[in-house]
Amino acid sequence: MNWLKSILLPAQGTAYAAEHDTFFMFIVALTAFFFLLITALVVFFVWRYRRRGDSPAESQVTHNTRLEIVWSVIPLILVMIIFAWGFHDYMNAYTAPGDALEIQVTAKQWIWQFEYPDGMRTVNEIHVPIGRPVRLVMSSEDVIHSFFVPSFRIKKDVVPGMYTDLWFLPEAEGEHTLFCAEYCGRGHSDMLGKIYVDSEEKFREWQELGDERTRTMPLAELGALLYESRGCSTCHSLDGSRRDGPSFKGVFGHEVKLSDGTTVLADENYIRESILEPQAKIVSSFEGIMPTFQGLLREREVKALIEFVKEQQ
Amino acid sequence: MADVASTSHPMAAGEPAATNYLKAERGFKSWIFTLDHKRIGVMYLWSVLLMFLLGGIFAMLVRLELLTPGKTIMEADTYNRMFTLHGAVMIFLFIIPAIPASLGNFVLPLMLGAKDVAFPRLNLASYWIYVIGAVFGVVAMVTGGVDTGWTFYTPYSTTSSTSVTTMTFAAFVLGFSSIFTGVNFIATIHRLRAPGMTWFKTPLFVWGIYATAIIQVLATPILGITLVLLMMERVFSVGIFDPRLGGDPVLFQHFFWFYSHPAVYIMILPGMAIISEIIPTFSRKNIFGYRAIAYSSVAIAFISFLVWGHHMFVSGQSELASAVFSFLTFLVAIPSGVKVFNWLATMYKGSIDLKAPMLYAIMFLMLFAIGGLTGLFLGALATDIHLHDTYFVVAHFHFVMVGGTVIAFIGGLHYWWPKMFGRMYSEKWARIAAVLIFIGFNVTFLPQFVLGTRGMPRRYYNYLDQFQPLHAFSTVGSWILGLGLFIVLGYLLASLRKRYDAPPNPWGGTTLEWTTSSPPIAHNFEHVPVVTREPYDHSPAPAPAPAGD
Amino acid sequence: MSDSAISTTEHAPEHPPGLQHHFAEMEQQADSAKIGMWAFLVTEVLLFGGLFVGYGIMHARFTEAFASAHHHLDRVMGTLNTVILLTSSWTMVMAVSSARAGKQKNLVRYLTVTLLLAGAFLVVKYLEYSHKFHEGLLPGRFYTYAGPHLPEEFLFFSFYFMMTGLHGLHVLAGMIVISWLLRRAIRGDFSPSYYNPVDMGGLYWHLVDIIWIYLFPLIYLIS
Amino acid sequence: MAAHSYAEEKKINTAVLGSLLALTALTVAAAGIHFESPAVNTIVALAIASMKASLVALFFMHLRYEKPINAIIFLTGIAMLAVFLGLTLLDVDYRATPRPANLKPPPGGFTAGVEPAKPGGTAPPAAGEAAQPAEQAPPAR
């Protein structure tokens, strides 16, 4: 059965995922049995009782109470088993333990923003220590999104105006993909995130210095990575085409007309200010909907983004 | 053979004595102002098939776009409009009116031995309101389309700048068309049965349509008020669904699914009703467990109102409500299972003739079995957490709606085609098309189960590369399915060019509609039939009862 | 379903007026009309029911805002309207009884009084609405009331206008139906053997009254 | 109704109208009394309204004298409404009520004075406790 489980289901990231998969395979077995039973009966009857010439039916029996009771009661018992088992696992999935690492999740049109208890913020990615339960307290700022991590088998809608919570106990180190599962507009399919499960020391190291992969990376390359992972790509294009925000193409070093009519030279300070206080200077014919990245980006990451924008000629 | 007290004088095949309903009146006005349930059924049929074509085009475009991750032929905004319009057109304009309004309108009075439905004018009003709703739908499509998904979830639907209000109004208008059909059929079945036809002597198609009419009458008004509230929210910001104003988006989901889950039973019950007609006729055997199937239909109709919360297990709904809804959802699975087993038992020891309608009935049994059984995954709380809003759900409801209702609709169309248009279709082409449809359907939707379990969310314009092979497989399947459906349309239309060559009873059916000519005369029966036997009594007919008892 | 032997000849001896071709006899037509009407009335009950459920939930959520908002409503006008509708229900059922008893003059008189009462109801409604428009107590984004108010009071007026507005539309539709009945009654279409339309009009009107019976306490009288 | 003559019908209908008006007076009076919780007021009002509605349905709409199918249809409609309200409350009463705690105002939208960041908005259900959420201040943004 494991080969079928590996085909049907993604890798298991948590103990709950294993529990869920056992339940899942139980229903697969049940479904396969009943489907094969029905198909076998249909094929056999069609072949065995095919009409030869103008032959009448062999019997006109119209009901058999015992048989009808059997094929009502047995399915009822089976579905009640499925209900009870499903309810038991559901309570495990949705009742968080007390001592969990609590992370605030805010979903907004097309990016995930996370905030750790110590105030550190990240966008579209989180690092969690292995073996310690994590509890996500989620809310949305605009429409309904849904926090879905297939390898943890967990999903819950992120509803505006309301807090919903979700928890998981990571047990497999590595990278797990986060999807948005509730349709939320143009960027619904781009609203992906990453959950990195690290060992205890790697997690502490990450908390101080940030991702070691990015520390050694040249600034412009890191900027390109951040352009994607921090969600800049959903509003700023690189090819000059207009989206919610102005395109980066050919911006650096040129005059920019602002909404209040004045024009300003797009130098490093302007780019930095636009990242950290976007409402200060808004390009004309655009709305001031860009969120501030103050506290969301380390100093090195801001420099990297500036270098990246500089390269977009 | 229903024992018709005074047998109408024998008619030579193909030469109906009195003029049939198609030739009774001529000209365009005789169609658009007709009160004849048969003509209204035919008008509904062509309109519904046109909408099926339109919805199918949207489906093919969606599948074409998903051939490769990222942009294949359209942008994200266009894709969002395509899958929304595919959903809205297929559900509101095709599958809800399809069987009850076209085949149901045509066949129900014939089966009951009545001259017409209870309220012919209301029947015509229902058709024209459907057309008005369809026009508003097309207007919404042309003025920028809708990108909210056919479910119109707030707050996205209240803040989307696309023409959501027009499409909402179209669905609101279509609701009335559905209510009028439901009201009409309830009154017809209660009061217009032929003398001697007690409730348990009515064919099972009548029971299925009766259960559907109950749901149409009881559920559609809540859709009406939901759409009115949505329009009020968009235009006046009344604040019931908008969280910024104290409203509750999850409350909209309650309002919406209270209609939309019973609506899926409006779709499947007529499909089951047709299968309950086809299998006894082509097994030349009395139906097994008539009362079980009749009671199941009505039981499904009422339990279907208790289960809507299984669409909202992960929506932030309270755990208590989710548990109660999950329990009730499993209760509604039992009557469907009972029906499938009863159909199988009907085929046991029958004399099965694999004509086209029976082919589609067999396909229905297998595909609906998969559709129903995969519902177990989505009804159970724990597995629904993983599978909700993934392609598993897409595959599940396409197996039930296309594999179930559409296949049954095509089967019913073949079964009553000779009765409706007086011509036989080409059996050879019907078999080819059936095989193509079966292969195409499975190739399209079986991979989507695996896509779903592996975690591919639905309504995704751009997806990860690991899902690409299965999507490509599914897209190719959609081409085969499309081809099969076009072939069906082809040979059915071709059959209309032939002269009347269908005998009154081409399949040896035992229900009343086979006792009148094909196509039937304007007021259905020469003499009011008096029913004395069971609806599916295939036992050799006893000596004819003395005339005029 | 009457099992009386149905003469199979096409032309029944005397063909009562108003009997449609596809019915065997008047009782069958009246019965199916009644079933159809009651099915339609159920859809009206559920249409308003949806609004009542929405109102109930929002009321439970913002009890104090709804309580303070409803003081702007005039209980006297509400009670007056209730009395008007109940009386119009009475005149309507008397009209149906008159039609059944063949009392042509009474039928016309009762229908006229029902029509006038319905008009009176709408006039009272108009007065209430103009008072609200004047003070800016309007639904949703049009709520511009200057006086002291809790932030969520506009929700109450959203529901007030939706529920009483939809009910008002139904009263208007009722007036159209009754005036159509009045015209046919004056023309003498109805007789003890054929008074179906009056019966159906009566059922519809009574339902409009039942909806107001629930609407009045829930909106005007909450404490 | 054929059993009753016109005069009898008039007597019955007038009696029904009288009791309807009396019940109206009763419900207006009942609204004046302040029971211990507003819920009781609503229940009393609904009970009186239901009495009036059933009077109208039974006598004015002839449900009492006609074939039971009509009454069955009417009661089924009311039953479905009760199911809709009942199961929806099963969710709404056992879940945190949405508060616009951290919502940015709609673009150029109308907020009706409902300030977005209202302190004391209901916080998430505390860990392990499924039912009524504790009233904690939302975490500092």
Side-chain angles (χ1 to χ4, degrees), chain C residues 31 34-35 37-39 41-46 49-50 52-53 56-57 59-61 63 67 75 78-79 82-83 86-87 89-90 92-94 96-98 100-103 106 140-141 143 149-155 199 202-203 206-207 209-210 213-218 220-223, chain D residues 1-2 4-6 9-10 13-14 16-17 20-21 24-25 27-28 30-35 38 41-42 44-46 48-50 52-53 56-57 59-63 66-67 69-74 76-78 80-81 84-85 88-89 92-93 97-98 109-115 118:
Chain C
D31 280 354
K34 262 238 156 114
I35 289 175
M37 194 60 192
W38 275 102
L41 293 184
V42 159
T43 61
E44 292 287 351
V45 165
L46 283 160
F52 277 108
V53 167
I57 288 173
H59 178 193
R61 181 160 297 164
T63 327
R75 277 192 185 182
T79 317
T82 310
V83 169
L86 290 176
T87 325
S89 239
W90 178 74
M92 192 66 200
V93 77
M94 287 317 294
V96 173
S97 301
S98 315
R100 183 181 307 117
K103 293 177 182 299
N106 283 8
R141 72 171 76 234
Y143 182 87
H149 65 276
L150 290 168
E152 287 95 1
E153 284 197 22
F154 73 93
L155 276 172
D199 208 351
L203 288 180
H206 294 310
L207 185 86
D209 180 25
I210 285 180
I213 284 175
Y214 277 100
L215 216 140
F216 171 61
L218 284 178
Y220 285 85
L221 302 179
I222 52 173
S223 71
Chain D
M1 212 49 179
H4 300 278
S5 72
Y6 177 77
E9 277 172 27
K10 182 160 190 170
N13 292 336
T14 317
V16 169
L17 177 63
L20 283 172
L21 294 174
T24 308
T27 196
V28 171
I33 316 162
H34 287 288
F35 297 96
N41 264 66
T42 320
V44 165
L46 279 180
I48 298 171
S50 303
K52 288 163 71 176
V56 169
F59 293 99
F60 283 2
M61 299 170 97
H62 316 307
L63 271 187
E66 280 171 13
K67 292 192 167 78
I69 181 67
N70 303 325
I72 293 167
I73 294 176
F74 190 50
T76 318
I78 293 170
M80 281 310 132
L81 198 56
F84 179 37
L85 181 63
T88 308
L89 287 181
V92 167
D93 284 351
T97 54
F110 152 74
T111 56
V114 177
E115 336 80 64
K118 200 153 74 163

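In the text below, chain A, chain B and the rest are named by the order of the sequence lines, each starting its count at 1.
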Region of [X] in contact with chain D, defined by heavy-atom distances below 4.5 Å:
X	value
C:Thr82	side chain
C:Thr43	neither
C:Leu203	both
C:Ile213	both

With rounding to the nearest 0.5 Å, note down the distance linking NZ in D:Lys10 to CG in D:Leu17.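 Result: 12.0 Å between the selected atoms.
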Kindly compute the distance separating CG (C:Leu207) from CH2 (C:Trp38), expressed to the nearest 0.5 Å.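 If I round to the nearest 0.5 Å, the distance is 7.5 Å.
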So which residue, [options], ends up with the most heavy-atom pairs under 4.5 Å with chain C?
options	result
D:Leu89, D:Thr88, D:Leu46	D:Leu46
D:Asn70, D:Ile73, D:Val56, D:Leu85	D:Asn70
D:Gly77, D:Ala71, D:Ala53, D:Ala57	D:Ala53
D:Phe74, D:Phe84, D:Phe60	D:Phe60

Are side-chain N/O atoms of D:Lys52 and D:Thr24 paired as donor and acceptor at under 3.5 Å?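 D:Lys52 vs D:Thr24: donor-acceptor pair found between side chains.
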With a 4.5 Å cut-off on side-chain heavy atoms, are C:Arg100 and D:Glu9 touching?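 Yes - at least one pair of side-chain heavy atoms lies under 4.5 Å apart.
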So, do C:Val96 and D:His62 sit near enough that their side-chain heavy atoms are less than 4.5 Å apart?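 Yes, side chains in contact.
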Indicate the atoms forming the closest heavy-atom contact of [X] with [Y], along with that distance.
X	Y	answer
C:Pro151	C:Phe154	O-CD2, 3.3 Å
D:Ala30	D:Phe35	O-CE1, 4.0 Å
C:Phe216	D:Thr27	CE2-CG2, 4.3 Å

Side chain, backbone, both or neither: which part of D:Leu81 has an atom under 4.5 Å from a heavy atom of chain C?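 Looking at D:Leu81, backbone and side chain both touch chain C.
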Given that the side chain runs from C-beta out, which part of D:Ile48 has a heavy atom under 4.5 Å from chain C: side chain, backbone, both or neither?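 Neither part, no heavy atoms under 4.5 Å.
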Among the options [options], pick out the one with the most heavy-atom pairs lying under 4.5 Å from chain D.
options	answer
C:Ala101, C:Gly56, C:Gly50, C:Ser89	C:Ser89
C:Ile35, C:Val45, C:Asp209	C:Ile35
C:Asn106, C:Leu41, C:Leu155	C:Asn106

Any salt bridge between C:Arg61 and C:Glu152, counting N to O under 4.0 Å?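 Salt bridge flag = no for C:Glu152 with C:Arg61.
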